Protein chains: 2
Amino acid sequence: MIVTGELVNGERLDEMSLSEHFGCSRTPLREAFQNLAASGLLELVPHRGAFVRLPSLSEMIEMFEVMAELEAFCGRLAARRVTPQDLADLLETVIACEDAVANNDHDLYYIENERFHHLLYKASGNGFLTDQAKKLHRRLKPFRRLQLRVRGRLQQSLAEHRAILAALENGDAQEAADALRSHVAVQGGKFNDLMASYKNSHLHAGS
Amino acid sequence: MIVTGELVNGERLDEMSLSEHFGCSRTPLREAFQNLAASGLLELVPHRGAFVRLPSLSEMIEMFEVMAELEAFCGRLAARRVTPQDLADLLETVIACEDAVANNDHDLYYIENERFHHLLYKASGNGFLTDQAKKLHRRLKPFRRLQLRVRGRLQQSLAEHRAILAALENGDAQEAADALRSHVAVQGGKFNDLMASYKNSHLHAGS
DNA sequence: TCAACGGTAATTGTATACAAGCTGGCGGTT
DNA sequence: AACCGCCAGCTTGTATACAATTACCGTTGA
């Protein structure tokens with residue numbers, strides 16, 4: 001797949017060779033291309049073909065900027081609308097994350113981290129917002145994953161999750177929004193981490 | 001088109017008859033379907049076909065809620081990043097809107113209103129945010145248009161545009177964000193206006 | 001030697017033909 | 001009489017063939 005680094009950035013995807021590779025005709029492939037283009041992973045140029053489009057560093061920062069704001073908004077809404085069941089589910093993921101940190105299990109943490117955020121989106125009580133947040137989260141997934149590999153990031157992330165949950169329990173919209181914004185935003189040391197992992201991913205793509 | 005009310009809500013779009021109608025084959029039609037589905041206007045059910053999907057009232061309110069927040073964020077960023085050229089362009093649209101109000105020209109106001117908001121998105125200095133805001137704006141377009149038909153809404157909208165521009169000129173991020181949020185948000189009397197126009201649009205669609 | 005032009009090959013866009021799956025109605029059974 | 005299962009017709013999904021556009025490369029001229 002694209003995120004695993006099998007594809008070089010501006011590479012053109014040949015419909016015919018790919019259809020051979022997947023054992024299907026060009027028609028369903030072209031439909032898949034359109035889906036990927038809608039997700040921003042490909043760029044379709046008329047009569048030229050489909051080109052792999054890895055976001056540039058600045059685009060990625062822009063996306064994180066928006067993601068931070070979306071999540072902050074989720075938190076603000078959730079502080080008012082969160083249900084006891086949501087709080088219980090969120091607590092469950094925090095506990096699971098604690099176990100993951102204790103065992104230094106990055107994969108488990110990654111999964112539970114995703115669950116935490118998805119639950120948060122849902123707790124906003126706004127289905128459209130939930131969808132949008134999920135889409136962007138998914139798009140940033142590979143980079144987020146690389147970030148979590150940074151030493152000590154797990155503990156920090158977990159502490160932030162706890163703070164967010166506490167804010168939601170207290171119904172403090174401002175606190176929840178601020179905590180989420182800084183949790184997601186690329187700022188301070190995280191910027192360097194992101195840049196390093198970005199270069200790393202490009203190295204991978206180039207190979 | 002869908003927004004003009006030629007289509008009933010859950011109607012199924014027949015590929016064959018539509019391809020005849022447009023004088024093309026089913027292949028490009030299916031591609032168009034996928035685009036519309038990605039925009040949320042159609043729902044594609046495997047082996048069943050494409051169904052017209054007008055957002056429900058609650059979905060629409062959810063979308064406006066997100067739109068308000070996106071625009072508020074644009075305003076917050078723009079208050080810091082706006083360029084003199086942006087401010088000049090924005091002022092131009094406000095003046096054009098004043099003319100439109102003076103002549104009670106709804107169509108002109110509609111166009112300049114759109115220009116104002118697009119300029120604002122651009123002024124945020126975040127290309128991804130600009131794209132997202134444009135997409136959602138476009139999706140809400142028909143309902144926004146119906147709203148502007150409400151008596152006195154033009155004057156109010158214009159006054160809000162002036163306030164937003166003033167906040168940007170002063171570099172007041174908080175003020176710009178708040179002004180935009182309440183400008184876009186569906187609240188107070190606007191809720192009833194929206195509901196009325198929504199029912200109206202459904203009446204249209206049903207005929 | 002470099003640039004501009006034209007032709008060929010290759011690739012994408014479109015149309016059509018074929019396969020697979022769903023819908024609805026008919027007949028049989030309980 | 002009501003319900004379940006089967007078959008026919010139709011609609012979507014896929015494969016392939018054809019058309020149109022583009023890119024590359026060789027040739028030609030200055």
Side-chain angles (χ1 to χ4, degrees), chain A residues 1-56 59 127-128 131 134-135 138-139 142 202 204-207, chain B residues 1-56 59 127-128 131 134-135 138-139 142 202 204-207:
Chain A
M1 310 291 244
I2 294 176
V3 299
T4 57
E6 294 168 27
L7 297 172
V8 184
N9 193 349
E11 184 175 338
R12 190 177 66 81
L13 296 178
D14 186 29
E15 294 182 356
M16 213 158 59
S17 51
L18 271 179
S19 65
E20 253 178 70
H21 182 269
F22 285 109
C24 68
S25 92
R26 282 174 48 214
T27 312
L29 213 93
R30 286 172 62 84
E31 297 198 349
F33 278 9
Q34 290 209 341
N35 282 334
L36 291 172
S39 306
L41 289 153
L42 286 181
E43 186 178 8
L44 265 52
V45 182
H47 292 104
R48 295 271 322 264
F51 296 87
V52 178
R53 176 163 162 63
L54 293 180
S56 70
E59 281 175 295
F128 181 74
D131 285 349
K134 275 187 185 170
K135 265 190 200 166
R138 180 190 175 85
R139 195 156 160 198
H202 261 237
H204 226 254
S207 67
Chain B
M1 308 295 241
I2 293 175
V3 300
T4 57
E6 294 167 25
L7 297 172
V8 185
N9 194 348
E11 184 176 338
R12 190 176 66 81
L13 296 177
D14 185 30
E15 294 182 356
M16 212 157 58
S17 51
L18 271 179
S19 66
E20 252 179 70
H21 182 269
F22 284 109
C24 68
S25 92
R26 282 173 48 215
T27 311
L29 212 93
R30 287 173 62 83
E31 297 198 350
F33 278 9
Q34 291 208 342
N35 282 334
L36 291 173
S39 308
L41 289 153
L42 286 181
E43 186 178 8
L44 294 170
V45 182
H47 292 105
R48 295 268 326 263
F51 296 86
V52 179
R53 177 164 160 62
L54 293 180
S56 69
E59 281 176 295
F128 181 74
D131 285 348
K134 275 187 187 172
K135 265 190 201 166
R138 180 190 175 84
R139 195 158 161 197
H202 261 238
H204 228 253
S207 67

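Source: prediction; values computed, not measured. We name chains A, B, ... by the order of the sequence lines, and we start the count at 1 in each one. Note that these values count all heavy atoms, side chains included, but never hydrogens, waters or copies made by symmetry.
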d([atom1], [X]; [atom2], [N]) in whole Å:
X: Met16(B); N: dC10(D); atom1: CE; atom2: C1'; result: 8 Å
X: Leu18(B); N: dT14(C); atom1: CG; atom2: P; result: 16 Å
X: Leu13(B); N: dT11(D); atom1: CG; atom2: P; result: 13 Å
X: Phe51(B); N: dT23(C); atom1: CZ; atom2: P; result: 8 Å
X: Leu44(B); N: dT12(D); atom1: CG; atom2: P; result: 11 Å
X: Glu20(B); N: dT11(D); atom1: CD; atom2: P; result: 11 Å
X: Leu29(A); N: dT16(D); atom1: CG; atom2: C1'; result: 15 Å
X: Arg48(A); N: dG13(C); atom1: CZ; atom2: P; result: 11 Å

Could you pull out the closest heavy-atom pair between [X] and [Y], with the gap in Å?
X: Leu44(A); Y: Gln34(A); value: CD2-CG, 4.2 Å
X: Arg12(B); Y: Arg48(B); value: CD-O, 3.3 Å
X: Ser56(B); Y: Glu59(B); value: N-OE1, 2.9 Å
X: Met16(B); Y: Ser19(B); value: O-OG, 2.6 Å

- Task: Would you mind telling me which residue lines up with the more 5' stretch of DNA chain D, Gly23(A) or His47(A), judged by nearest nucleotide?
- Result: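 Residue closer to the 5' terminus by nearest nucleotide: Gly23(A).
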- Message: On DNA chain D, compare the nucleotides closest to Cys24(A) and Glu15(B); which residue's is nearer the 5' end?
- Response: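 That would be Glu15(B).
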- Item | Closest nucleotide among dT14(D), dT11(D), dT23(C) to the Asp14(B) side chain |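 The listed nucleotide nearest to Asp14(B)'s side chain is dT11(D).
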- Task: Check every atom of dT14(C), dA15(D), dT12(D) against the side chain of Pro28(B) and return the nucleotide holding the closest atom.
- Result: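 In terms of side-chain proximity for Pro28(B), the closest of dT14(C), dA15(D), dT12(D) is dT14(C).
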- Message: Donor-acceptor pair, distance only, cut-off 3.5 Å: does the side chain of Arg139(A) make one with the backbone of Ser39(A)?
- Response: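 Here the side-chain-to-backbone pair exists.
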- Query: For dA15(C), does either OP1 or OP2 sit under 4.0 Å from a side-chain N or O belonging to Ser25(B)?
  - Reply: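 Ser25(B) to dA15(C) OP1/OP2: side-chain N or O found under 4.0 Å.
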- Query: dG13(D) phosphate, OP1 or OP2: any side-chain N/O from Arg30(B) under 4.0 angstrom?
  - Reply: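 Checking Arg30(B) against dG13(D): at least one side-chain N or O falls below 4.0 Å of OP1 or OP2.
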- Query: Below 3.5 Å, does any donor atom in the side chain of Arg26(A) face an acceptor in the base of dG13(C), or the other way round?
  - Reply: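 A donor-acceptor contact between them is present.
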